[in-house]
Each structure stands twice: as C-alpha cells, then as structure tokens.
Amino acid sequence: MGNKEKKERIGVYICHCGGNISDYVDVSQLSDMMKKEDGVMIAKDVMFACADSNQKEMIRDIQNEKLDAIVVASCSPKLHLHTFRNVAQRAGINAYNYTQVNIREQCSWAHSDTPRAASIKAAGLIRAGINKVAYSEALENIEVSSTRAVVVIGAGISGMRASIDLARMGNQVYLIEKDKTLGGHLAKWDELYIKGNTGKNIIANLYKDIKRFTNITVFTLATIEKVSGSIGNFIVEVKTGNEILNLKSGAILVTTGFDFYIPKEGEFGYKNFPSVITLPEFSELIDHKQDNLIYNNRKVKSIAYIYCVGMRQTKGENKYCSRVCCTTAIHNSLIIHEKFRNIKAYHLYRDIRTYGKQEILYEQSSKNGDIYLKYDEKKTPVVEETDGKLLIKITDELTRCMDLELEAELVVLVTGMVPRSDSSQISEKLKIPVGNDKFFNEIHPKLRPVETVINGVFIGGSCQGPKNISESVQSSLSAAGKINALTKNPTILLEPIIARINFETCVWCGKCQEVCEYDAIFQLEMNGKVVASVNNSVCKGCGICAPICPADAIDIAQYSNAEIEGMIDVFTEKVELKEATGTESSGVVGKGIGMKDMPQIWRSIVGSLENSPKTIPALADELRLDPELITYHVMTMNKYFIIESAGIDDNDEYYRYQLKNKV
C-alpha cells in the first residue's frame with residue numbers, strides 16, 4: 001500500500017499568528033523542544049507562517065537542507081492546507097509529505113485561560129504531527145475524465161439564472177423541472193419589494209434568455225429517477241412522460257427551492273375560520289384586487305398579521321428563522337396602503353427582522369400608522385370568532401404585558417419557508433446530507449458554501465435554507481462558477497486520500513460494502529479470488545470501512561496504521577515545559593506579545609505603548625514618523641491582535657491603542 005520508508009529530514013514551523021497563538025502557547029520554547037525530536041532537521045517559530053516571506057524561507061530551507069517532509073503548526077487546515085501543499089510542491093517535495101497541526105483553534109483559543117496546559121497540549125500535537133509525516137507517503141492526485149455538461153435540477157429563479165451562466169461559459173445544460181412551467185414561486189408574484197419589477201417579469205425575461213442559448217435543453221414535467229456514476233461522468237435518468245432519458249453530465253446542480261409552511265388545522269384559527277389565511281394566499285389576493293379589498297363577501301377595514309407562524313419554535317419542528325417573512329408581510333402592508341384607503345394594520349410579532357436595506361420598509365410602515373404589538377412565544381395570540389367577527393387576543397410586551405383585544409376582518413398568518421416535500425427523494429438519489437432543519441447541507445457555510453460532500457454535486461438557492469431572491473441568485477451563481485472550474489478541463493484532479501485494499505489479505509466478507517454510505521466499494525474477481533475494490537472517484541476517504549474489516553485489509557491514504565499509531569505513541573509521552581520568563585529572549589514581551597521577526601516600526605510602536613495607551617497622532621509625534629505611515633501599521637497590528645483599542649481620548653477626537661492583553 002505504498003512506500004513505508006520513514007522520513008528522516010523533517011522541517012517544523014510553529015506560527016505565532018501575530019499573537020493569536022503566541023499569546024497563550026510558548027512557541028519559542030516549543031521550537032527549541034522540537035529540534036531534539038528524531039528526524040527533525042529544522043524547527044523554527046515564525047510570526048506568520050502563511051506570509052509570502054515565510055513561504056519563500058520554507059522553500060529555501062527545503063532545498064538547502066534537502067528536507068523530505070514538513071510540519072506547520074498554526075491555524076486550522078481548513079484555511080491554509082493548500083497554501084502549504086503548494087509550498088511543498090514549489091520546493092520539490094510531494095504535497096502529501098506535509099502535515100498541518102492546529103494549535104490555534106485546538107490550543108490557544110480553546111485553552112486561553114490555561115496557557116501552560118495549552119503549551120503542553122500543543123507540544124503533544126506537534127510531536128504527533130512529526131511522527132505522522134515521518135510515515136507519510138508521496139501520493140498523486142486521482143485523474144478522471146470529465147464531460148462538459150451539467151444537469152440543473154429545479155427551474156426556479158436560481159436554476160434558471162445558473163443555467164444561463166453555465167451555458168454562457170460553454171457548458172451543455174440540461175434544466176429539469178417537475179412542474180409544467182418554469183419559475184417556481186416567483187412566477188406567481190407581482191410587485192416585489194425591489195421596486196420597479198415583478199416576479200412575473202423577471203421570470204419572463206429569464207425565459208427569453210434561456211431560449212437564446214442552443215446549449216440549454218429544458219425538460220418540464222420531468223423527474224429524476226436515478227443517478228449513477230461519479231464526478232465528471234454522472235448518468236442521470238430523467239423521466240419525461242413515459243420516456244426515460246439518460247443524460248451524461250460532469251456535475252449536478254440542485255436548485256429545487258422550498259415550500260411554504262402550511263399551518264395545521266386550528267393553528268391560530270386556520271381552516272376553522274374562513275377569514276384566516278396564510279401570507280402566500282394574502283399576496284395572491286391583493287394582486288388581483290384594485291379598488292376595494294373584499295374577502296369572504298366582506299369589505300376589509302382592518303387586517304391583523306400574526307408573525308412567526310410555524311417558525312422559530314422552541315419545541316416544534318422548525319426552530320429556525322425564515323428570514324424573509326417579516327419583509328414580505330410589511331411589504332404587503334405597504335401595498336395595501338397604496339392600493340386601498342382607510343385600512344388599519346396590526347402587526348403581532350415576536351421580533352421584526354427586516355435586515356439590511358429592507359429596514360426602510362419597516363420605517364415606512366410605521367409612518368403609515370401600522371400598529372406593532374409584541375408577543376412572547378409562551379403566550380401566543382388567540383384567534384376567536386364571535387357573531388361573525390374575528391377577535392384576536394394578545395398580551396402586549398411593549399405595554400407592560402397588557403391584555404388587548406383586537407377586531408379584524410382578515411387575519412394573515414405570516415408563514416415562512418420549509419424544505420420541499422420531495423427533498424428526501426432528491427437526498428436519497430444524490431446522497432446529499434440534510435441538516436437538522438431538513439434543508440440540504442453544504443460542506444461549510446463560510447469556506448465551501450455551495451459544495452456537498454458528494455464530489456461534483458452542488459446546491460444553490462433556497463434548497464439549502466431560507467433566502468431572499470438576491471441571496472438565492474448569488475448562491476446559484478457561486479455554484480455555477482465552481483462547476484465551470486471543474487468542467488472546463490477535459491480531466492478533473494481529485495484528492496488521493498481514499499480507502500485502499502490489500503488484495504492479498506482481503507477475503508470479501510462484504511462488511512465494508514454494507515457500511516459505505518457512498519457506494520464506493522464493489523466486488524472484484526482477481527486471479528480467481530473475489531476481493532473488495534474501491535471506486536476512486538467516489539470514495540471520500542471517510543474511513544468507516546477500515547475498522548469494520550476483520551482481516552485488516554483496508555487502510556486510508558494519509559491515515560495508515562503506522563501514521564495513526566505513531567501519533568498516539570508520541571502524544572502520550574510526558575512534556576517537560578519550563579516556566580515562561582516573560583523576557584524578549586523567550587519571544588515574549590508583556591503578556592505574550594511576540595516580537596521576533598516583527599518589522600522595526602512595530603517594535604517601536606510596541607515600545608511606545610509599553611507604559612500607557614496612545615493615539616495615532618501621539619505615536620507619530622513621539623516616533624517622528626508620518627501619521628499616515630503610523631496609521632497603516634497600527635491598523636495592521638490591530639488586525640493581527642498585537643494591539644487593541646483602548647477607547648476614545650478625553651477630547652472625543654482619536655482612538656487610543658494599547659498592547660493586547662497588557663497587564
């Protein structure tokens with residue numbers, strides 16, 4: 001299963017992270033300690049491991065000292081894994097003969113109240129990283145061919161907009177929609193709170209654009225029956241009427257959208273009283289009325305909006321905020337005032353969340369005379385009907401919990417977004433994980449917001465959570481960009497960190513296949529013997545198959561028995577750590593302000609701030625330097641947590657700055 005020769009020329013780099021790590025972890029002492037570890041040729045503590053200057057120094061070290069592996073102890077690998085892999089490659093060693101050890105999130109931040117213990121833990125982690133990389137193998141990326149075609153599932157605004165961009169970039173696009181027409185919910189909406197446009201116009205214009213592209217094929221009344229293959233070469237079975245089509249694609253984009261929450265019978269009087277309707281029903285009602293607002297054969301003179309219906313439930317199914325409901329309800333109230341006269345509006349809310357520029361809608365609603373009453377989740381409004389009149393009872397938090405009773409001709413239940421009813425079918429066919437909220441899950445909401453754990457399957461729009469129109473489009477366009485980066489090349493490079501089978505010891509019991517969630521393991525007959533084999537392009541290297549194998553015939557690249565056992569062995573060793581002296585020679589000034597490798601001007605600023613906080617003009621005067629130059633460096637030092645704001649000066653003119661964690 002690869003070359004097991006132990007590395008004997010290892011470089012170790014321990015990052016200060018501008019104080020994020022060195023404030024609590026004694027990086028200087030750790031670098032001295034690691035120099036004594038077996039196989040370590042170089043051990044350094046550096047201010048910023050990711051800085052260009054340090055990357056160049058690492059490359060020089062690797063080449064001059066003929067290093068065969070490196071360890072970087074810094075922040076999370078999620079941030080800089082590829083940074084240092086590229087450093088290794090530029091220096092001439094294999095990218096997978098590099099290990100990153102997380103001593104920021106896992107040590108300095110997690111144990112900031114016990115710095116000595118954080119340093120001891122960091123020492124164990126770095127030693128484990130050294131032993132892991134000592135047994136690391138030179139791996140090569142897996143190369144698979146790719147088809148320049150994309151299947152987009154769901155033709156709402158997200159799917160339509162992404163399809164246009166994908167087609168414009170040269171991809172063949174298959175747009176699959178289960179309904180008869182395109183556009184989803186937006187195709188039914190008139191005026192939007194984006195002034196000057198309607199949902200119907202937006203969808204009509206997008207449809208015109210789609211028809212201009214010969215490389216977009218639209219399938220309506222179509223459903224996904226089965227998905228096979230893997231990234232670069234998916235086979236998607238699509239049922240259209242009585243015909244089954246096999247579409248070959250390099251990637252899949254899911255933009256299936258959402259459903260509106262439907263209240264249960266009796267929830268705030270829904271279904272019990274005909275004049276209690278949902279927000280989508282209300283939107284459709286006012287779109288078709290012009291002179292008078294009449295509902296249930298009665299002229300509407302007052303409307304009560306009840307917010308957070310079915311949302312933000314402490315004990316219910318939908319614990320999340322749906323984000324757009326408040327804005328939609330208030331926008332509809334503004335439309336009511338524009339189209340009809342003398343209609344009162346009562347807004348019964350838990351919290352108003354018209355975020356961003358939508359706040360102006362709330363302000364305008366208040367100026368129009370709308371009355372806002374706040375209720376607590378434990379005492380929700382009660383809707384009753386007496387003598388044909390709707391009465392709403394509420395305990396208003398804004399008037400010291402006064403019990404109020406309102407009369408309204410119409411009650412609008414402000415409902416939000418929930419996952420589509422067919423989401424579970426899509427999830428099962430594509431193996432997309434879902435979160436606790438039942439929406440599709442991305443890998444990471446910040447770092448990889450439109451990718452799923454299945455290589456080549458992406459998500460966009462409100463199928464991954466409540467979003468407004470702009471957010472949905474931005475999400476799907478982000479996914480389109482990611483997809484095109486894959487499909488534009490005839491081949492795709494995949495991570496080589498996958499399961500590997502020892503065919504000599506494998507006896508095929510089938511247990512590995514049973515536990516694999518990605519269908520990456522299959523039977524293979526080899527030399528008259530049935531063994532397990534791995535589909536390299538499907539395997540995610542999750543490792544669930546390795547411990548289940550009774551013959552120990554499976555290991556995971558970069559996580560072999562030798563690497564893991566080596567990490568455990570050294571992590572359990574005792575760490576002898578000296579007490580920190582607090583002097584500059586140990587790399588510490590004050591309380592953990594790292595000075596080593598700082599620019600001279602930073603040293604001057606730190607020295608000036610030793611005794612008292614100062615403003616930027618005061619620093620410029622004292623150091624006799626240009627205020628703009630001081631401003632630049634102070635802002636940079638503040639960004640990297642070397643200094644921090646100490647509040648505004650007595651004249652309320654300038655902020656003062658002090659050393660971070662200065663005692």
Side-chain angles (χ1 to χ4, degrees), residues 78-83 85-86 141 143-177 182 184 186 202-203 205-207 209-210 212-218 227 230-234 236 247-257 426 430 432-433 439-465 467-495 537:
K78 291 181 177 179
L79 295 174
H80 285 298
L81 178 72
H82 295 287
T83 300
R85 279 186 181 173
N86 290 333
N141 287 322
E143 190 173 297
V144 297
S145 61
S146 178
T147 302
R148 190 154 200 194
V150 184
V151 168
V152 179
I153 305 174
I157 185 171
S158 298
M160 295 175 75
R161 189 65 183 81
S163 295
I164 292 169
D165 256 37
L166 286 165
R168 186 180 290 121
M169 290 185 283
N171 297 279
Q172 174 64 49
V173 179
Y174 302 108
L175 181 56
I176 315 298
E177 173 55 49
L182 309 187
L186 189 59
I202 290 175
I203 295 302
N205 290 333
L206 287 176
Y207 186 57
D209 288 342
I210 284 175
R212 293 192 185 103
F213 286 94
T214 58
N215 53 339
I216 299 180
T217 305
V218 178
V227 178
S230 57
I231 183 172
N233 295 282
F234 289 106
V236 182
L247 305 178
K248 188 175 182 180
S249 68
I252 298 172
L253 173 57
V254 180
T255 54
T256 48
I426 297 293
L430 292 171
I432 306 175
F439 286 99
F440 295 141
N441 252 11
E442 64 283 329
I443 291 178
H444 191 284
K446 300 291 186 184
L447 303 178
R448 300 174 71 181
V450 294
E451 298 171 67
T452 72
V453 296
I454 305 302
N455 288 335
V457 177
F458 297 79
I459 52 179
S462 53
C463 67
Q464 64 180 135
K467 292 179 175 66
N468 63 29
I469 294 170
S470 176
E471 292 162 345
S472 295
V473 170
Q474 290 168 10
S475 169
S476 64
L477 292 184
S478 174
K482 284 279 187 181
I483 289 171
N484 188 65
L486 285 176
T487 58
K488 68 179 181 179
N489 298 314
T491 57
I492 298 173
L493 298 179
L494 304 178
E495 285 273 297
S537 59

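In this structure, the side-chain contact (heavy atoms from CB on, under 4.5 Å) partners of P433, at least two apart in sequence or on a different chain, are N441, V453. For E143, the salt bridge (Lys or Arg N to Asp or Glu O under 4.0 Å) criterion is met by no residue, not counting sequence neighbours.
To the nearest 0.5 Å, atom CG of residue L166 and atom OG1 of residue T487 are 7.0 Å apart. With rounding to the nearest 0.5 Å, the separation of CG in L494 from OG in S537 is 6.5 Å. One distance of note links CG of N489 with OG of S146; it measures 8.0 Å at 0.5 Å rounding. Note that CD of Q172 and OG1 of T147 are 11.5 Å apart. Values are rounded to the nearest 0.5 Å. Rounding to the nearest 0.5 Å gives a distance of 13.0 Å between CG of D165 and CE of M160. With rounding to the nearest 0.5 Å, the separation of OG in S472 from CD in Q464 is 8.5 Å.
None of V173, V236, V227, N233 except one satisfies the side-chain contact (heavy atoms from CB on, under 4.5 Å) rule with S249; the exception is V236.
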Got a list of side-chain donor-acceptor pairs under 3.5 Å for residues 479-486, not counting sequence neighbours?
from, atom 1, to, atom 2, distance (Å)
K482, NZ, E451, OE2, 3.4
N484, OD1, R148, NH2, 3.0
N484, OD1, N171, ND2, 2.9

Q: Test R161 against L477 for side chain to side chain contact (heavy atoms under 4.5 Å, CB included), laying out the working first.
A: CA-CA 7 Å; R161 189 65 183 81; L477 292 184; 3.8 Å; yes

Q: Dump the intermediate steps for side chain to side chain contact (heavy atoms under 4.5 Å, CB included) on I176 and L247, then the final yes or no.
A: CA-CA 11 Å; I176 315 298; L247 305 178; 4.0 Å; yes

Q | Worked check of side chain to side chain contact (heavy atoms under 4.5 Å, CB included) between I157 and L206 | A | CA-CA 8 Å; I157 185 171; L206 287 176; 3.8 Å; yes

Q. Would S470 and Q474 satisfy side-chain hydrogen bond (donor to acceptor under 3.5 Å, both in side chains), going step by step from the backbone distance to the final call?
A. CA-CA 6 Å; S470 176; Q474 290 168 10; 3.1 Å; yes

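For OH of Y207, the number of neighbouring non-hydrogen atoms (other residues, nucleotides, ligands) closer than 6.0 Å is 12 at most.
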